[in-house]
Number of protein chains: 2
Amino acid sequence: MNSHLDKINDFTARLDIETLTALNAISVEKIFKKGNFLLRQDEVCKKSYWIEKGIARKYYLNDGKEITTELYFDNDIAVSFDSYCLQKPSREYIQALTDTTILQTDFGAFQTAKQQFPKLAKLDLMMTEYYAMWLEDRLFQFHTMDATHRYLKLIEDHPYIIQNIPLTFIASYLGISLETLSRIRAKK
Amino acid sequence: MNSHLDKINDFTARLDIETLTALNAISVEKIFKKGNFLLRQDEVCKKSYWIEKGIARKYYLNDGKEITTELYFDNDIAVSFDSYCLQKPSREYIQALTDTTILQTDFGAFQTAKQQFPKLAKLDLMMTEYYAMWLEDRLFQFHTMDATHRYLKLIEDHPYIIQNIPLTFIASYLGISLETLSRIRAKK
DNA sequence: ATTATCATTTGATGTAGGTCAAATAATGAA
DNA sequence: TTCATTATTTGACCTACATCAAATGATAAT
């Protein structure tokens, strides 16, 4: 979902072989079936999830209602951020919306590897920076754009999203009701 | 504004003397008069600003209207984040709301220092993480709380804010109109 | 003190988007 | 194919908050 991720992929692709090997050594490929959870509320987020192929979402419950905070596609990185950083129980769920192949990297092992491979530390900072910029942009959109414009921006950035994800999740992600999203789509 | 900053202050306070000395060597104390700008739109944010004493705000213009994105008090750190990270022109202004003493650290010098002093790199990551968590929390508040509750949360966290900052800025920061804020305050 | 400027309140009215309810449409299992 | 479940649309109504306008209150300069 984070459009800056191209740059992170570039950076990762250009890592020297030793660093890349070290990263691979602490990463495991896994497959999650549609509907399954990479992470549930109250669990500590001990892995970062590189989505190789598939779609996932992150959400939390607010008095019974699901609020989707992020949608993930190929090459996105999913974590419950504060849970991951502080290794404390997560407020959020991360769920596969399709069968999804991910590369998961262990938090502890990554912290250790960073000390040996400075480029991994650099990568960590870079990913965090881009995530913060993405959050700033999301806040910006909520402050300056109405529901229709937020929707248009979303399908502009991710045209395929409509084919693949139930509208409830998209509506929630956009911060509007399902009905409003439906009406926006009906117009024009 | 970032309540996690206590932890960063703790971390900074516990730095070894060499690291602290290196940090001091690239930092300069400056005083900004009320109303003056630490940073203007279109300038590159080449410094980070540690607010030692005073109040400041960050904002941008959206078709002529100011949107306040952050309020800073003693011991907060102010930067225009994407401008600082990517060293590109800033969309945002940073302005002193009172006479303000700041300690400013040069971006380039800090990047260099990080290579020599790993703890500075750690500090950099830590600050970025806390900023991202703060942004997440702000998004959370916009998603789950109405104007009244956001206001109550704000004065709970920063009781002194009312005495010191014109309501327009607070309203804008809360994402509501000046009039609505006034009405919220009138009740109870 | 007096006036000009800025900050805050109060009132009247408009609107984007929410909520509730019911009707279709699509999907999937037997 | 048929039924059951889930997703989407449509309609009627409601509400939180915006906008515009004008009054009042506070600050600061002359």
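Below, chain A is the first sequence line, B the second, and so on; all start at residue 1.
With hydrogens and angles ignored, a donor-acceptor pair under 3.5 angstrom links the side chain of B:E179 to the base of D:dC20.
Between B:R183 and B:P166, the residue anchored nearer the 5' end of DNA chain C, judged by the nucleotide with its closest heavy atom, is B:P166. When each of B:G175 and B:K34 is assigned the nucleotide of DNA chain D with its nearest heavy atom, B:G175 is the one assigned upstream, toward the 5' end.
Between the side chain of A:T98 and the backbone N or O of A:I55, at least one donor-acceptor pair lies under 3.5 Å. Without hydrogens or angle criteria, B:S90 side chain to B:E92 main chain gives a donor-acceptor distance under 3.5 Å.
Of the listed nucleotides (D:dT9, C:dG18, C:dT10), C:dG18 has the atom at the smallest distance from the side chain of A:I176.
Look at CG on B:L178: it is 7 Å from P on C:dT8, rounded to the nearest Å. With rounding to whole Å, A:L181 atom CG is found 11 Å from D:dT9 atom C1'. If you measure from atom CG of A:L167 to atom C1' of D:dT6, you get 12 Å, rounded to the nearest angstrom. The nearest whole Å value for the distance from the CD1 atom in B:I184 to the P atom in C:dT8 is 14 Å. In this entry the distance linking NZ of B:K187 with C1' of D:dA16 reads 10 Å, nearest Å. What separates CZ of A:R185 from C1' of D:dT10 is a distance of 14 Å, to the nearest Å. B:I165 has its CD1 atom 11 Å from the P atom of C:dT8, to the nearest Å.
Residues forming a ring pair (Phe, Tyr, Trp, His ring centres under 6.0 Å) with B:H143 (at least two apart in sequence, or on another chain): A:F142. In this structure A:Y60 satisfies the ring pair (Phe, Tyr, Trp, His ring centres under 6.0 Å) test together with B:F140, sequence neighbours excluded.
Within residues 140-151 of chain A, no residue has any heavy atom under 4.0 Å from DNA chain D.
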Give the table of side-chain donor-acceptor pairs shorter than 3.5 Å for residues 39-47 of chain A, with sequence neighbours excluded, one pair per line with atom names and distance.
residue	atom	partner	partner atom	Å
A:Q41	OE1	A:Y93	OH	3.2
A:E43	OE1	A:R40	N	3.2
A:K47	NZ	A:D106	OD1	3.3

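Not one side-chain nitrogen or oxygen of A:S177 sits closer than 4.0 Å to the OP1 or OP2 atom of C:dG17. Within the 4.0 Å cut-off from OP1 or OP2 of D:dC17, not a single side-chain nitrogen or oxygen of B:T180 is found.
The ring pair (Phe, Tyr, Trp, His ring centres under 6.0 Å) contacts involving residues 101-127 of chain A comprise A:Y84-A:F107, where partners must be two or more places apart or lie in separate chains.
Salt-bridge formation is detected for the pair A:K33/A:D99: a Lys NZ or Arg NE/NH1/NH2 atom is positioned less than 4.0 Å from an Asp or Glu carboxylate oxygen. B:R57 has a carboxylate O that lies under 4.0 Å from a charged side-chain N of B:E66, or vice versa, which qualifies the two as a salt bridge.
Axis angle between the ends of the helix from C:dA1-D:dT30 to C:dA30-D:dT1, five pairs each and rounded to 10 degrees, works out to 40°.
Following chains of ILVMFWY side-chain contacts shorter than 4.5 Å, one can reach A:I77 starting from A:L23, so the two form part of one hydrophobic cluster.
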